[in-house]
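A short write-up of the structure that comes next.
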Amino acid sequence: MDVFYLILLYIAVILTSYCIGSLNWGYIISKYIYHIDIFKVGSGNAGGTNVGRACGKKAAYAVILLDVLKTVAAVWGWFFIVQATQIKDFIFIDINPDYPISTLYYLAGLGVALGHTYPFLTHFRGGKCVACYGGFCLCTNWMLAVIGVIAFLGIYFWKKRVSLSSVLAVILVLLISLTFGILNIYFDTSWAFYFNSSFKMDPSLIHTAFIFVFTAAVIYLHKANIKRLKRHEEPETHFVHKGEKPVADYEEKK
């Protein structure tokens, strides 16, 4: 497959993954199960944290899990398509034919993150990409996902602020990914594809480049939170309990 068709394939991957990412689970669960407009509660964000402010822990965990799974579905879904249709046999790059294939999977994850953050189904109002970041790491290098979760939970139990936990955890994951890339270390994800044990994600710095993009996106989307953290004005994260009213609004754009 020449470069033109390769670019068309990449565009198809991004568009289909964007559509998957646009499934705004925060809005769907809060609206149709709890009858709450998530855009009018707390930060007005449709991510798992704000759903927790409005609907409680169970709803928050469900949203986070579903947002992770939609990223997994896009990345692994395109893997299945590539294997079933023999697309790999038609893609050829002189240096290394595996690079465009790995990039294809990574673009799927990035497309989901774009759809999650700016979903067309809810007028481009979505979440802040943290769950998609986790799903991407889970698909491509499970050890990064483990490190990220441990860092997130440790910081959260210490400071009780999801925003701080998210930003610091993604930065740590980026640094670890960079170290893995330089040392050419990766962790086999073939356990997910029991019918094809030869599957491995590209362990090179290409993966770290995508991790960098994810990290930059998470930090950018938390810029208001970071400003409040610097001013010591970021409130502790509180999920409502059954019978409680949603957490009062606060200005997200400061």
Side-chain angles (χ1 to χ4, degrees), residues 10 13-14 17-18 21 47-48 64-65 67-79 82 93 95-117 127-156 158-159 162-193 198-223 225-226:
Y10 283 168
V13 168
I14 293 173
S17 300
Y18 172 82
I64 293 169
L65 177 61
D67 286 340
V68 168
L69 290 178
K70 70 184 181 184
T71 310
V72 173
V75 176
W76 287 354
W78 271 103
F79 168 78
V82 168
I93 297 296
I95 299 175
N96 188 330
D98 289 331
Y99 286 167
I101 291 295
S102 297
T103 304
L104 183 151
Y105 302 137
Y106 301 155
L107 283 174
L110 209 59
V112 172
L114 184 63
H116 173 79
T117 308
K128 294 185 178 179
C129 202
V130 178
C132 294
Y133 189 113
F136 179 80
C137 290
L138 179 63
C139 294
T140 57
N141 191 325
W142 63 268
M143 184 53 71
L144 290 179
V146 171
I147 292 171
V149 169
I150 292 174
F152 176 89
L153 292 177
I155 298 168
Y156 175 73
W158 176 35
K159 290 296 186 179
V162 167
S163 56
L164 179 64
S165 304
S166 300
V167 171
L168 293 182
V170 300
I171 292 174
L172 176 62
V173 167
L174 173 62
L175 295 175
I176 298 297
S177 177
L178 182 61
T179 302
F180 286 169
I182 292 173
L183 298 179
N184 202 35
I185 297 172
Y186 77 107
F187 295 83
D188 189 3
T189 54
S190 63
W191 55 270
F193 308 102
S198 65
F199 173 76
K200 295 179 177 64
M201 288 291 183
D202 179 9
S204 76
L205 290 174
I206 292 177
H207 181 258
T208 301
F210 278 84
I211 290 289
F212 174 80
V213 173
F214 266 95
T215 302
V218 170
I219 293 173
Y220 173 77
L221 294 169
H222 283 83
K223 61 184 184 298
N225 304 86
I226 293 172

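- Taking both residues in full, the closest heavy atoms of Val173 and Cys137 are given as CG1-SG, 4.0 Å, listed atom of the first, atom of the second, then distance.
- Rounding to the nearest 0.5 Å places CZ of Phe136 at 4.5 Å from NE2 of His207.
- Between the side chains of Tyr133 and Thr71, no donor-acceptor pair of N or O atoms lies under 3.5 Å.
- Distance OH/Tyr105 to OG1/Thr140: 12.5 Å, rounded to 0.5 Å.
- Ser17 places a side-chain heavy atom less than 4.5 Å from the side chain of Trp78.
- In this structure, CG on Leu69 lies 11.0 Å from SG on Cys132, to the nearest 0.5 angstrom.
- Between Thr117 atom OG1 and Tyr18 atom OH the span is 9.5 Å, to the nearest 0.5 Å.
- Across Gly109 and Phe214, no two heavy atoms sit closer than the pair O-CZ, 3.5 Å.
- Considering all non-hydrogen atoms of both residues, Phe152 and Ser166 come closest at CE1-OG, 3.4 Å.
- Looking only at distances, a side-chain donor or acceptor of His222 sits under 3.5 Å from a matching main-chain atom of Val218.
- For the side-chain contact (heavy atoms from CB on, under 4.5 Å) test, residues two or more places apart in sequence or in another chain that qualify with Leu164 are Ile155, Lys159, Arg161, Leu168, Leu229.
- Contact check for Asn141 versus Ser177: no side-chain heavy atoms found under the 4.5 Å cut-off.
- Residues forming a ring-ring contact (aromatic ring centres under 6.0 Å, His included) with Phe210 (at least two apart in sequence, or on another chain): Tyr106.
- We find the CG-CG distance between Leu172 and Leu144 to be 9.5 Å, quoted to the nearest 0.5 Å.
- When all heavy atoms of Gly135 and Val72 are compared, the pair lying nearest together is O-CG2, 4.1 Å.
- A heavy-atom distance below 4.5 Å is not found between the side chains of Ile14 and Leu110.
- At least one donor-acceptor pair under 3.5 Å links the side chain of Thr215 to the backbone N or O of Ile211.
- Ile171 is listed as a side-chain neighbour of Ile219, based on a closest heavy-atom distance under 4.5 Å.
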